[in-house]
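Worth knowing before you read on, the calculation uses all heavy atoms, side chains too, and leaves out hydrogens, waters and symmetry mates. We're numbering straight along the sequence, starting at 1.
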Amino acid sequence: MLGYDGRELLAVFVGGALGTAARAAAETLAAPEPGHWPWATFAVNIVGAFVLGYVATRLPGTSYRRPLLGTGLCGGLTTFSTMQVEILKMLEREHFGLAVGYAAASVAAGLGVAWLGSRWARR
């Protein structure tokens, strides 16, 4: 298989499936209404950024836990594309302040919690 570790690919697949299922559940339970803050997407992206900061700092690259949790779980859980679509919908409906606030808060909070996750992993 051209140098790929099948167990690593399986770890990414399983983590991705779990992350995607968690994101879908969050979106189903807290579907955003037009013109309102999309809390479900914001929450999963912030949680994913924190977990990724922790995992990238704490777990060794040779462990299957890193692809499972970092690439798989966080990759399936977080969703930059959904955030972009939500921002575009806000702009189309002329909710300019909401769109700018959501974009800025998502980037700032994501970077902040990734840093916190990394700091926590180093304790």
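Across A103 and I87, no two heavy atoms sit closer than the pair CB-CD1, 3.7 Å. L77 and A22 make their closest contact through CD1-CB, 4.0 Å (heavy atoms, listed as atom of the first residue, atom of the second, distance). Across all non-hydrogen atoms, the minimal contact from P38 to M90 is CD-CE, 3.4 Å. Nearest heavy-atom pair, R66 versus A56, reported as atom, atom and distance to 0.1 Å: NH2-O, 2.9 Å. Scanning both residues, V113 and A49, for their nearest heavy atoms gives CG2-CB, 3.7 Å. Listed here is the closest heavy atom pair of V44 and A26: CG1-CB, 3.9 Å.
A donor-acceptor pair under 3.5 Å is formed between the side chain of N45 and the backbone N or O of T79. Judged purely by atom type and a 3.5 angstrom limit, R23 uses its side chain to pair as donor or acceptor with the backbone of G76. No donor-acceptor distance shorter than 3.5 angstrom exists from the side chain of S118 to the backbone of A114, with no hydrogens or angles considered.
Atom NE2 of residue H36 and atom CD of residue E86 lie 13.5 Å apart, to the nearest 0.5 angstrom. Here the OH-CG distance, from Y54 to L59, works out to 7.0 Å after rounding to the nearest 0.5 Å.
Classification of the W37-W39 ring pair by plane angle, with boundaries at 30° and 60°, yields tilted.
L111 belongs to a hydrophobic cluster whose remaining members, ordered by chain and number, are V107; membership requires side-chain heavy atoms of ILVMFWY residues under 4.5 Å apart, directly or through intermediates.
Between T57 and W120, every side-chain heavy-atom pair lies at or beyond the 4.5 Å cut-off. Using a 4.5 Å heavy-atom threshold, the side chains of I46 and F42 count as touching.
For Y64, there are no ring-ring contact (aromatic ring centres under 6.0 Å, His included) partners, not counting sequence neighbours. Qualifying side chain to side chain donor-acceptor pair (under 3.5 Å) partners for Q84, counting only residues two or more places apart in sequence or in other chains: none.
No chain of hydrophobic side-chain contacts below 4.5 Å, direct or via other Ile, Leu, Val, Met, Phe, Trp or Tyr residues, connects L52 to V47. Residues F50 and M83 share a single hydrophobic cluster, defined by chaining ILVMFWY side chains whose heavy atoms lie under 4.5 Å apart. Linking ILVMFWY residues whenever their side-chain heavy atoms come closer than 4.5 Å, directly or via other members, leaves V100 and L91 in distinct clusters. No single ILVMFWY cluster, assembled from side-chain heavy atoms under 4.5 Å apart, contains both L18 and L29.
When the options L73, L10, L9, V12 are evaluated for a side chain to side chain contact (heavy atoms under 4.5 Å, CB included) with P67, the one that passes is V12.
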Check the pair L68, V14 against side chain to side chain contact (heavy atoms under 4.5 Å, CB included), reporting the backbone distance first and the verdict last. CA-CA 7 Å; L68 173 78; V14 169; 4.1 Å; yes
